[in-house]
Amino acid sequence: MKVVVVTFPGSNCDQDCHRAVELAGGEASYLWHREHGLAGADAVILPGGFSYGDYLRAGAIARFSPAMEDVLAFARRGGPVLAVCNGFQIACEAGLLPGALIRNRTLKFHSFDQHLRVENADTLWTSAYQRGDVLRMPVAHAEGNYEADTATLDRLEGEGQVLLRYVDARGEPTDEGNPNGSARAIAGIRNAEGNVMGLMPHPDRAMEAVVGSVDGRGIFEGMARYLSGAGAR
Amino acid sequence: MSRQAEAGVAPRAGDPGITPELVADHGLSPDEYELILTALGREPTFTELGVFSAMWSEHCGYKNSKPLLKLLPTEAPWVIEGPGENAGVIDVGDGWAIAFKIESHNHPSAVEPYQGAATGVGGILRDIFTMGARPIATLNSLRFGDLDDGRVRYLFGGVVKGIGDYGNCVGIPNLGGEVYFDRGYEGNPIVNAMAIGLLRADEMIKGEAKGVGNALMVVGARTGRDGIHGATFASEELSEESEHKRPQVQVGDPFTEKLLLEASLELIRSGAITGIQDMGAAGLTSSASEMAGRAGNGVEIDVALVPVRETGMTPYEILLSESQERMLVVAQRGRESEVSRILHKWELEAAVIGRVTDDGLFRVLEGGTPVAEIPALPLTGGCPTYEREGVESAEIRALRGRDLSEYAAPTGDLTDRLLRLIASPNIASKRWVFRQYDTTVRASSVVRPGGDAGVVRIPGTNRGLAATTDCNGRYCYLHPRRGAAIAVAEAARNLACVGALPIAVTNNRNFGNPLKPAIYHQLREAVLGIAEACVAFETPVTGGNVSLYNETEGAAIYPTPVIGMVGVVEDVDRVCRHAFTGEGDHIFLLGTNRDEMGGSEYLYVFQDLVAGEPPQLDLLAERQLQRALLAMITGGLLSSAHDCAEGGLACALVESAIGNGERPLGADVTRADDLAGVPLLFGESQGRVVVSCPSEHA
Amino acid sequence: MSRFQLEIRVVPRAGLLDPPGKAIHHALHSLGYRGVEEVRVGKAIFVQLEAESEQAARDRAHEMCRKLLANPVTEDFEVTLLGGADAAAGRSA
Amino acid sequence: MSRFQLEIRVVPRAGLLDPPGKAIHHALHSLGYRGVEEVRVGKAIFVQLEAESEQAARDRAHEMCRKLLANPVTEDFEVTLLGGADAAAGRSA
Ligand SMILES: Nc1ncnc2c1ncn2[C@@H]1O[C@H](COP(=O)(O)OP(=O)(O)O)[C@@H](O)[C@H]1O
Ligand SMILES: [Mg+2]
């Protein structure tokens with residue numbers, strides 16, 4: 001698979017995502033936000049970081065980058081787009097995904113390993129997992145508090161668009177298990193069509209046992225499987 | 001330009017005339033002023049006075065500390081760049097090198113904790129990437145007064161948030177650090193930030209203004225009236241009056257720093273520049289004159305060409321501004337536009353402001369009119385240095401002599417004492433702090449904060465880089481020389497505990513007013529202690545930073561020579577952690593328990609006392625212990641290793657037992673010697689490590 | 001063309017979470033300010049711009065808000081022209 | 001006792017770098033808003049409190065700013081009473 005990682009001014013996980021793709025057996029390249037050209041791309045990643053310093057609102061300025069026009073078109077054609085952390089925030093601002101990510105309820109930056117439960121394994125992003133699997137990956141953000149109106153939240157739940165939920169060590173969606181106050185403990189979602197996934201936790205930092213977890217591999221491997229035609233829809 | 005320059009320097013209209021008061025306000029003594037007159041052969045202009053004042057401040061000139069630096073071991077076959085450059089550089093094998101350094105931002109953080117700490121991180125990161133290294137880790141060493149004070153909690157919260165917000169945005173993982181709370185730091189917090197960067201050994205670049213005719217360019221953020229005279233400010237005691245003198249607070253912009261980091265590394269790779277330096281303390285003045293000084297050249301700059309943020313800035317202000325996120329680069333003649341192109345790609349500005357000259361002068365013009373013309377060498381190298389007489393304070397000698405036997409006696413329920421001790425902020429988990437720092441960005445953190453030392457993997461290899469900061473200010477207060485040596489020994493021990501071989505040291509000397517004999521004594525003794533220990537552990541000192549005048553209304557902080565040490569892990573799959581891993585594992589104590597309660601956390605918590613002889617240190621035994629420990633870990637024998645530090649053996653055992661929050665274990669130990677309960681459990685004897693291993697290795 | 005000084009207030013939509021507001025409310029209480037009933041925290045963005053007319057300036061500002069300054073999902077905005085009468089009121093401390 | 005609605009604006013002190021303002025200014029430019037000359041970003045804090053009088057409410061707010069809401073080293077603040085004349089002005093969009 002050929003995956004393009006978009007680098008915005010202030011992106012700082014572009015290299016991590018690049019490496020994650022390679023560890024999953026794919027081919028990765030970078031696209032600077034001012035440039036156009038997704039020709040030949042099988043998938044796109046909007047990486048984590050602090051595009052434009054998160055000034056104004058996380059992701060608010062980056063979504064106007066020229067490269068985003070290509071990403072929007074790519075997504076409209078059904079191309080897979082993975083939006084991690086700041087990428088998730090950009091995707092929401094750009095309307096690729098519903099809702100918004102506001103300040104953590106503690107007002108603090110949170111950096112630690114977080115437990116997540118797979119809510120829907122029947123998607124191109126999660127096909128490598130089983131429904132109910134409990135994963136552990138780093139979170140590192142100050143604005144990961146997912147908010148949307150009730151109708152939207154109900155639709156997300158009803159349509160199986162909630163892919164990952166914050167849970168505690170026992171796998172329960174308790175209040176202590178919810179690090180940032182996200183509505184319904186939502187950690188990761190997909191769009192209605194299913195080709196765009198956004199999540200606050202960092203699968204790109206959970207690819208190797210030596211750095212603490214391999215639970216993120218599934219997402220990149222699921223993407224690879226799908227692109228090779230084998231994966232679930 | 002130069003024809004006008006030859007017309008010589010005349011006082012600038014609107015600038016104040018030179019008076020003894022003005023000279024004194026600039027922190028220059030009459031003798032120092034005499035030296036300026038001889039260096040110039042005439043009276044300085046107001047602008048020149050400002051320049052000298054900044055360059056000859058403690059912060060830039062190391063007046064009182066330079067002679068002491070000579071006492072430190074700085075050489076080893078693996079040292080590529082020792083003290084003097086922006087950061088030390090060490091060969092770590094496979095063609096890789098690391099640049100690393102520690103720096104203080106104590107004074108700015110005391111005034112504005114958030115921005116003070118944030119800009120401290122920004123400054124140390126720039127010191128790293130100006131060497132051509134990509135920052136891969138940060139650490140921070142903090143000291144505050146007791147937490148029950150409201151102002152202290154405000155400073156603590158602000159400093160931690162400032163460090164986090166800046167480092168997180170730039171995307172550098174935090175690997176560890178320290179926090180201590182002790183009334184000895186009331187009003188004078190210590191904020192030391194350390195950074196480590198990775199580079200190909202053959203891609204290093206220096207801060208030199210080489211090549212006559214090459215262009216000087218300011219790149220990055222615009223220049224405003226930020227922190228003017230921060231350098232002199234950082235060299236004074238805090239007092240009512242310094243509140244008025246306070247420079248305009250420097251505001252950090254980590255987003256611009258991230259762009260500047262990428263742009264600088266691209267610049268260096270492009271070969272379009274011959275030198276680059278951060279505009280830190282004393283901004284354009286120190287960067288331009290130091291780059292000239294190092295290359296033995298001169299520079300001519302025109303302040304009218306510097307991009308400014310505010311209108312009506314004088315040469316004095318532009319030369320001394322400490323606006324953040326700026327760099328001075330020397331561009332190959334003819335490749336200036338290439339430099340600009342790279343900066344514009346990263347949405348930053350670049351401007352040619354002058355040239356490298358062959359006349360050895362630091363010449364400044366304002367729209368062509370000379371406003372300063374100073375021989376670069378006396379400016380950068382001519383700062384007078386002072387070797388003073390140190391005398392130990394009798395009060396402290398008495399404290400050290402204090403008999404502690406009454407406290408060593410068993411006092412009722414020691415379990416209760418243990419519970420209260422592990423709840424002390426100095427021993428309790430520092431999670432509240434490092435959970436606000438991104439510790440996993442770059443996906444290479446093998447051992448994160450929470451253990452004895454942090455470890456990051458060296459990309460593309462299976463080897464790792466370990467780092468720690470350590471210093472117990474109470475030991476240094478009671479016995480500066482031994483205390484400083486203990487800081488080095490503990491740092492090396494922390495590295496050994498994760499399975500790393502110590503290779504080099506950076507140090508940050510935080511002290512009071514060196515003009516006071518009692519303080520100078522502490523400074524000198526501490527340096528000697530560092531030197532002895534660094535020789536013993538074969539860890540050369542490749543750089544560091546000195547922060548003096550850490551006093552409020554005459555009261556000095558504990559002498560605090562913070563040691564930042566780096567080590568190499570040969571196989572990251574073999575690192576060792578501090579938490580017990582398996583039920584039934586055997587627990588061993590390496591080292592000897594002695595009756596040593598001096599300077600202990602126990603005394604501070606239960607007797608509100610900082611007194612007694614700090615623990616003895618046997619450098620030879622310590623080194624043998626660490627070598628043995630390292631062999632056991634690389635041999636794969638151990639399940640865990642943790643050094644005994646504050647709180648002694650009992651606290652070390654608890655930390656190992658609950659070290660893995662998700663799988664807490666217990667420990668059942670039998671005492672092997674006849675020490676009384678308190679010193680056995682809570683004494684802080686050095687050279688001790690708690691290890692565990694499966695029975696087949698026991 | 002003349003220059004206008006505008007203040008744009010971007011505030012979390014009523015009913016939606018406002019973590020900073022909640023935190024400040026709580027802090028004020030613990031500082032002993034009992035009378036405080038509600039706190040909402042938004043952004044005050046001061047913009048200076050060249051426009052043909054007062055109306056043009058306002059329109060421009062509204063457009064900026066819809067496009068960039070406010071998040072349509074979570075925030076509302078208000079534009080105030082600072083200048084003349086407005087300013088006197090808007091600035092009175 | 002009656003209820004007052006106050007708006008408190010906390011703004012970065014003049015001369016100090018304002019990174020968010022800088023970034024927004026830059027963004028507005030690349031969105032084609034050429035006429036924008038300066039952008040500064042502060043907080044707009046809306047507080048509802050019980051007080052004896054208008055003056056008492058203002059005084060309370062000023063005290064809160066000094067104690068908590070504004071950083072004395074880096075920020076300035078302004079208090080506006082929303083209600084009656086002020087409000088009309090302060091709110092007019
Ligand atoms: N300011 C800080 N920033 C990051 N990590 C910290 C900080 N202070 C303490 N830590 C981490 O907390 C753990 C305990 O600190 P400390 O008690 O000093 O350990 P030790 O006594 O082994 O040196 C260490 O892993 C250290 O890195
Ligand atoms: Mg320690």
Side-chain angles (χ1 to χ4, degrees), chain A residues 7-20 23 32-35 47-55 58 61-62 65 85-86 104 106-115 136-142 168-170 179 201-213 216, chain B residues 134-136 157 160-161 163-174 252-259 261-263 344-348 431-450 455-457 459-460 462 464 569 571-575 661-663:
Chain A
T7 302
F8 300 92
S11 296
N12 63 30
C13 303
D14 44 344
Q15 295 176 355
D16 301 354
C17 289
H18 189 286
R19 185 143 193 286
L23 287 169
W32 178 238
H33 80 120
R34 285 249 205 85
E35 285 147 19
F50 285 73
S51 58
Y52 292 96
D54 277 2
Y55 299 136
I61 300 178
S65 292
C85 200
N86 188 230
N104 295 350
T106 58
L107 300 186
K108 288 200 171 62
F109 187 93
H110 287 177
S111 167
F112 42 73
D113 282 348
Q114 170 68 39
H115 289 95
R136 216 171 102 264
M137 315 181 185
V139 289
H141 60 254
D168 60 22
R170 300 186 320 285
H202 279 282
D204 49 317
R205 303 183 192 180
M207 300 292 291
E208 296 173 282
V210 69
V211 296
S213 169
Chain B
R134 175 173 290 280
I136 58 168
V160 169
K161 191 172 184 351
I163 291 171
D165 286 358
Y166 203 102
N168 297 345
C169 180
V170 182
I172 317 301
N174 172 277
D253 180 358
F255 167 59
T256 296
E257 177 96 343
K258 167 65 172 169
L259 298 178
L261 156 62
E262 300 301 337
H344 294 154
K345 169 191 165 189
W346 292 101
E347 309 194 351
L348 294 169
R431 215 170 75 156
W432 187 89
V433 173
F434 56 75
R435 280 189 156 202
Q436 297 183 57
Y437 301 156
D438 193 334
T439 57
T440 51
V441 61
R442 295 186 51 78
S444 58
S445 304
V446 177
V447 181
R448 307 179 197 172
V455 179
V456 281
R457 180 175 51 191
N462 215 38
V569 174
D571 177 359
V572 285
D573 295 316
R574 285 259 168 123
V575 293
E662 286 175 21
R663 261 184 89 249

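We use all heavy atoms of the structure for the numbers below, so side chains are in, but hydrogens, waters and symmetry mates are not. Quick caveat: nothing in here was measured; it's all calculated off a predicted structure. Within every chain, numbering begins at 1; the chains are lettered A, B, ... in the order of the sequence lines, protein sequences first and strands thereafter.
- For the residue pair A:H33 and B:E347, the shortest heavy atom distance occurs at NE2-OE2, 3.1 Å.
- Contacts of B:R431 with chain A are absent, with no heavy-atom separation under 4.5 Å from either backbone or side chain.
- With rounding to the nearest 0.5 angstrom, the CZ atom of A:F50 is 13.0 Å from the OH atom of B:Y166.
- The closest side-chain heavy-atom distance from A:Y55 to B:D253 is below 4.5 Å.
- In terms of heavy-atom pairs under 4.5 Å with chain A, the best-connected choice from B:G171, B:G464, B:G164 is B:G171.
- Heavy atoms closer than 4.5 Å to chain A are found in both the backbone and the side chain of B:T439.
- Rounding to the nearest 0.5 Å places CD of A:E208 at 9.5 Å from CG of B:D573.
- Taking the six-membered ring where the residue is Trp, the centroids of B:F255 and A:Y52 are separated by under 6.0 Å.
- Minimum interatomic distance between A:P138 and B:T440 (heavy atoms only, all atoms of both residues): CB-OG1, 3.6 Å.
- Contacts between B:V456 and chain A at a heavy-atom distance below 4.5 Å are absent for every atom of the residue.
- Looking at B:N462, neither its backbone nor its side chain comes within 4.5 Å of chain A, counting heavy atoms on both sides.
- Expressed to the nearest 0.5 Å, how far CD of B:E662 lies from CG of A:D113 amounts to 7.5 Å.
- Of all heavy-atom pairs spanning A:K108 and B:W432, the tightest one is CE-CZ2, 3.5 Å.
- Considering only heavy-atom pairs separated by less than 4.5 Å from chain A, the leading option among B:V441, B:V572, B:L259 is B:V441.
- For a residue to count as touching a neighbouring chain, one of its non-hydrogen atoms must lie under 4.5 Å from one of that chain's; by this rule A:H18 does not touch chain B.
- In terms of heavy atoms, B:R442 sits closest to A:Q15 at NH1-OE1, 3.8 Å.
- When all heavy atoms are compared, the tightest approach of B:K258 to A:S11 is CE-O, 3.2 Å.
- Closest approach of A:S111 and B:D438 over heavy atoms only: OG-CA, 3.6 Å.
- For B:Q436, the parts lying under 4.5 angstrom from a heavy atom of chain A are both the backbone and the side chain.
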Discussion item. B:V170 vs A:N12, test: side chain to side chain contact (heavy atoms under 4.5 Å, CB included). Steps then yes/no.
Written reply: CA-CA 7 Å; B:V170 182; A:N12 63 30; over 6 Å; no
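- Looking at B:S444, the atoms closer than 4.5 Å to chain A (heavy atoms on both sides) all sit in the backbone: N, CA, C or O.
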